[in-house]
Amino acid sequence: MSTLTTGTPTFHSTTPPDLNTCTRSEIQAYFDNTFDVDETLFTGITDEAFYMCPDRLRLPLVFYYAHTATVYTNKMLAAGLISERVNRDFEALFETGVDEMSWDDTENFRMGGVFQWPSLKEVHAYRATVRDIVSTVIASVPIVLPITATNPLWAIFLSLEHERIHIETSSVLIRQLPLKCIKGQPSVWVNAPPAAAAPSGENALVKLGGQGVKAALGKPTDFPSFGWDNEYGECHVPVPDFEVSQYLCTNAEYLEFVRAGGYQNAELWTKEGWRWIEYREVKHPVFWVCTQQCKNGCGDKGGLSSLSHCVSAEPAEGGAPKKAKADPCYADFTFKLRTIYEVVDLPADWPVEINYHEAKAFCRWKGDAYRLPTEAEMALMRSAPAAGAEKSVESELIYTADAANLNLKYGSPSPVNLFPPSSAGVFDSQGNVWQWMEDHFNGLPGFESHFLYDDFSSPCFDGRHTMILGGSFISTGDSASRFARFAFRRHFIQHAGFRYVVSKNDTPVRLTAMPGEEPEVGAIPRCPESAMYETTNPQLALESCGAAEDKAAEEFASPTSSFYPALAKVVSSLAPADVSKSRALVVGSGAGHLPCLLSPSFGEVIGQDYCGVFTKAGARLLEEGEYTLPNGTVVKIPEGTVAERLQFVQLTWLPVEIGLFDVVVVNMSFLKRALNANAWLARFIGDILTPNGSLVIADTEEQVEAAASVLGSRSLKLTSKTTITPAPCDTGAAVVTVWRQ
C-alpha cells in the first residue's frame, strides 16, 4: 500500500480566509487543509484503482491525484511567485485533463492501452515538494491587504480553490469505481443519517417572485473572498411569480417516475436526452444499484468496462453472479445506493442524483407546467444576508454551524428535511446536492476573464453547458459560496439533483448557442424569444463557416494578403541554422497562410488557434492543396510549403506539453480577439521559448505598445521593431516587434 498523504489525514474542511484581514498563518492553514482533504480522499481506494478509468471519458485517478499540485506550480510561475519549474515532465503530463464533450466521444490515448503513468511513489514525492514550495511562498511573499484579483497571491487562492473543485471531481469518479477497487471507507469519513427525525412528507410548493421582483446576480468585485471569473459582473432579472418545490426531489419521489416507465418513454425526453439514453442504455440513476447487470460507463483499463455495479446478490451455479430477470420498470424492487465508498439501502428521503436529461424527463412526466428553476429564481430561494453584512464573508452559509449539508458536514447526501429551510421557506437552497437549472452557462454583463486562468469558464459559454447551482455535501471553499456558478454538459455525472418549478408566466431564463446551432427551447415551458443572449466569449462567435471563409479570403485573396509573406520573411530570419531540429509556433494561425510560409524554414511548425473552424481551414489546405470558397475565390497552398512539417491545433490555452520553440509568432489581430491578452502574454514570458528563442508580435501600434508594457516588465527584451504595410487592420500598418529572453 502506497503512502498517499503528505500531511495529516482529515475530512474536516475549514472555511476560507477573509481576504481583507487574513494573516500568513490563516493562509497557510487553509492551504494545509486543502491539500490534506484532497489527499485523504484517495486513501479509500486500492493502488491499482489509481490507474483505472472510472469514467471512460475521464483520465485515470492518478492524473487527478497529481493534477492539482501541478496547477500550483504553473500558476505561481505565471504570477511571478516562483521562477523555476519543479518537474517539467509532470507539469506537462498532469496539466490538462479531458473535457468529455459528448457521451460517445472516443477515449483519450492516456486512458488505457500501453500508456505508462508515473508511479504513486513519484507522484507522492512531487506533491510533497510542491507543498513545501507553496508553504515557502506563503511565508515569504509580501502580503498586501486586501488581496484582490491583481495581487500575485491571487494565484495561490486560485490554485487552492481549483484543488477544492477537484476534491469533488475525484469523489464522483471514486463513486463510479466498482467496489473491488475500494479498500474501505476511511475512519474519518461520516455519512449522513438515512432519515431525519420525521419523514419529509409531501413536497409542497412555495410561492415566490411576483410583479416588480428582481433577482440580483453577480458577485461584487470587493467581496473579500476568492471568486472565479464567471461570478463577477452584474445583472438584475425580473422574476414573475412562480411556485417551487420546498424540497429537492427525493429518491422516493423519483422512484415513482422509474416505475412508471419513465426510462422507456421517448416522449418524455429531449432529443439530446433520448440519444443519450439509447447510447448508454440507461435504465435508472447512475448511483442506484439494481440486480440486472446494467451497462456501466467505465473505461476499458483493468477490465472495468466489463463489470457492472448492478449485480445480483444471489450467486448462480459456480459462484458467479446471476443476472436477474429483466424488469424495465423495477416493480416492487428495492434499490440500493452507491455512496462514495460503499453500497447502502436506498434512503427514501435523500435527494436523487441525476443529470439534466433525467431531471427534464421527470418534469415532463409531472406535467406541462413543470420545469427546472432558473438562476434568477434560485437567487430568491436563498436567505438574504443580514442588512449591513452583505459584503462580509460571515454572510456565507458555511460560516453558520449546522445550517446546511455543505463543506463536508457529511460525506454523503442527507435527508431533504434534515436542515432548516431558508427564510423563503425552501429547504436545501444551498448544499446537499447541486441543482440543475434551465439556464445555459454564460458570463454576466461585464464579464472579464482572469489572466491566470483565461479559459476557466469562457470555452463553456457555448449553449452546450447547463448551469448547476447551490453546491453539494462535498462542496467547500468558493464552491460552497452563494455566488458560485458552475456548469457541465447535460449528460454529466455529478453529485447533482433538482427541484421543480410550476409557473404560468414566461420563464426568466438565459440561453445562448454556438453559431448555426439552435437550442431546444421547446423543452422549456413558456420560453420567451428574449431568453436568447449572445455568448460573452467573442471567440466562440467566430465558430462559423462564414467566419472561416472570410478569414481565408482575407489571408489569401485580399489587398492585404502580401502582409503574410512579409511577416514570414522577418520570422524566417530568426530560424536556427539547423532547420531539422527547429520549431516554430504561430499563435492565432487563422486560415493557415503564415504557418505554410514558415514550413520551409523550420523543422516543425504548429499553427494554433482558439477557433476550431480556423484550424480546420488550415488542415483542409494541407489535405486538399486548394479549395474554392462559395464566392468563387480559390484558396491555394503557397508554393514551397512542406506539408509534413505542419500541423494545426485548436487550443484555448498553450499547455506545457506543447513544448519549447525557437520562435513564437503572435499573428496579426490575435491579441485583439483574445478574451484576455495579458493571459497570453504571461504565457509567452514563461518557459515556451528555448534559451535563445525569439517572440515575434505583429499587430497595431496600440496593441504592441500595450504588450510591451507587460513584456518589458519581466524577463523579455525588445531587440527589433519594424513596420509592414499594407496590413489586415484598421490602421493599414502592422508593427512587428522581436523579443528575446
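Keep in mind it's a predicted model, so treat the numbers as computed, not measured.
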**Item:** Residue pair Tyr72, Phe31: steps toward the ring-ring contact (aromatic ring centres under 6.0 Å, His included) verdict
**Value:** CA-CA 11 Å; Tyr72 287 96; Phe31 166 65; 5.5 Å; yes

**Item:** Modelled atom types, side-chain donor and acceptor of Asn537 and Tyr610, under 3.5 Å
**Value:** yes

**Item:** Trace of the side chain to side chain contact (heavy atoms under 4.5 Å, CB included) decision for Leu594 with Val665
**Value:** CA-CA 10 Å; Leu594 181 61; Val665 190; 4.0 Å; yes

**Message:** Can a side-chain donor-acceptor contact be found between Ser599 and Arg645 if the only test is distance below 3.5 angstrom?
**Reply:** no

**Exam field: side chain Arg740 to backbone Lys717, donor-acceptor pair closer than 3.5 Å** = no

**Message:** Whether the side chain of Thr560 engages the backbone of Ala727 through a donor-acceptor N/O pair (distance < 3.5 Å, no angle test) should be reported.
**Reply:** no

**Fill in**
Distance col, row Leu511:CG vs Glu518:CD, nearest 0.5 angstrom, shows 11.0 Å

**Message:** For Asn631, is the CG atom crowded, meaning more than 12 foreign heavy atoms sit under 6.0 Å from it?
**Reply:** yes

**Prompt:** Under 4.0 Å between a Lys/Arg side-chain N and an Asp/Glu carboxylate O for Arg164 and Asp478?
**Reply:** no

**All pairs passing salt bridge (Lys or Arg N to Asp or Glu O under 4.0 Å) where residues 603-622 contributes a residue, at least two apart** = Arg583-Glu604, Asp609-Arg673, Arg620-Glu624

**Prompt:** What are the two closest heavy atoms between Tyr126 and Thr73, and how far apart are they?
**Reply:** OH-OG1, 3.2 Å

**Spacing of CG belonging to Leu597 relative to CD belonging to Glu639, to within rounding of 0.5 Å** = 11.5 Å

**Message:** Can you tell me how far apart OG1 (Thr723) and CD (Glu701) are? Round to the nearest 0.5 Å.
**Reply:** 7.0 Å

**Message:** If you take the centroid of each ring, where Trp contributes its six-membered ring, are Tyr564 and His593 closer together than 6.0 Å?
**Reply:** yes

**Request:** Determine the interplanar angle of the Phe492 and Phe488 rings, folded into 0 to 90°, and report it as parallel if under 30°, tilted if 30 to 60°, perpendicular if over 60°.
**Result:** parallel

**Message:** Quick one about Asn692 and Thr690 (side-chain donor to acceptor, distance below 3.5 Å, no hydrogens or angles considered), yes or no?
**Reply:** no

**Prompt:** Under 3.5 Å, is there a donor-acceptor pair between the side chain of Arg485 and the main chain of Asn442?
**Reply:** yes

**Item:** Ring centres under 6.0 angstrom apart (Trp680, Phe670)
**Value:** yes

**Request:** Kindly say whether the aromatic ring centers of Phe94 and His67 come within a distance under 6.0 Å.
**Result:** no

**Prompt:** Pick one: which of Ile688, Asn678, Val587 meets side-chain contact (heavy atoms from CB on, under 4.5 Å) with Arg683?
**Reply:** Ile688

**Item:** Evaluation steps, side chain to side chain contact (heavy atoms under 4.5 Å, CB included), between Ile697 and Val736
**Value:** CA-CA 6 Å; Ile697 297 180; Val736 180; over 6 Å; no

**Prompt:** Is Thr641 reaching over with its side chain to a backbone N or O of Pro638, donor-acceptor style, under 3.5 angstrom?
**Reply:** yes

**Asked** Shortest non-hydrogen contact from Leu59 to Gly97?
**Response** CD1-CA, 3.8 Å

**Prompt:** Do the side-chain N and O atoms of Thr169 and Arg58 include a donor-acceptor pair separated by under 3.5 angstrom?
**Reply:** no

**Prompt:** Taking everything shown except Asp730 itself, do over 12 heavy atoms lie less than 6.0 Å from its CG?
**Reply:** no

**Message:** Between Ser582 and Ala575 (side chain of the first, backbone of the second, donor and acceptor by atom type, cut-off under 3.5 Å), is there such a pair?
**Reply:** no

**Fill in**
dist Met437:CE -> Phe486:CZ (nearest 0.5 Å) comes out at 14.0 Å

**Message:** Checking Asp454 against Ser449: is there a side-chain donor and acceptor pair closer than 3.5 Å?
**Reply:** yes

**Message:** Tell me whether Thr512 contacts the main-chain N or O of Asp462 through its side chain, where contact means a donor paired with an acceptor under 3.5 Å.
**Reply:** no

**Prompt:** Is the backbone of Leu651 close enough, under 3.5 Å, to the side chain of Gln608 for a donor and an acceptor to pair up by distance?
**Reply:** yes

**Request:** Please test His450 against Trp154 for side chain to side chain contact (heavy atoms under 4.5 Å, CB included), starting from the C-alpha separation and ending with a verdict.
**Result:** CA-CA 10 Å; His450 194 275; Trp154 197 257; 3.5 Å; yes

**Request:** Could you pull out the closest heavy-atom pair between Pro152 and Ala79, with the gap in Å?
**Result:** O-CB, 4.0 Å

**Asked** Is a side-chain donor or acceptor of Ser458 paired with a backbone partner of Asp455 at a separation under 3.5 angstrom?
**Response** no

**Asked** So, do Leu217 and Glu234 sit near enough that their side-chain heavy atoms are less than 4.5 Å apart?
**Response** no

**Request:** Classify the angle between the aromatic ring planes of Phe456 and Tyr453 as parallel (below 30°), tilted (30 to 60°) or perpendicular (above 60°).
**Result:** perpendicular

**Fill in**
Heavy-atom closest pair (Asn151 atom, Pro146 atom, distance to 0.1 Å) is ND2-O, 4.4 Å

**Item:** Salt bridge present between Arg510 and Glu534 (N-O < 4.0 angstrom)
**Value:** no

**Message:** Can you confirm whether Glu517 is buried at CD, in the sense that more than 12 heavy atoms of other residues, nucleotides or ligands lie under 6.0 Å from that atom?
**Reply:** yes

**Request:** Kindly give the heavy-atom pair with the smallest separation between Val571 and Val663, and that separation in Å.
**Result:** CG1-CG1, 3.8 Å

**Request:** Please check if the side chain of Lys551 supplies one atom and the backbone of Val613 the other of a donor-acceptor pair under 3.5 Å.
**Result:** no

**Item:** Ion pair Asp687/Arg85, N-O distance below 4.0 Å
**Value:** yes

**Item:** Any donor-acceptor pair under 3.5 Å from Glu549 side chain to Leu629 backbone
**Value:** no

**Request:** Applying side-chain contact (heavy atoms from CB on, under 4.5 Å) between Ile138 and each of Ile143, Ile133, Ile27, report the one that passes.
**Result:** Ile27

**Interatomic spacing from NE2 in His440 to SG in Cys460 - rounded to 0.5 Å** = 13.0 Å

**Shortest non-hydrogen contact between Gln703 and Ala677, atoms and distance** = NE2-CB, 4.4 Å

**Prompt:** Any side-chain donor-acceptor pair under 3.5 Å between Lys672 and Thr700?
**Reply:** no

**Prompt:** Is the Phe447 ring parallel, tilted or perpendicular to the Phe461 ring (thresholds 30°, 60°)?
**Reply:** perpendicular

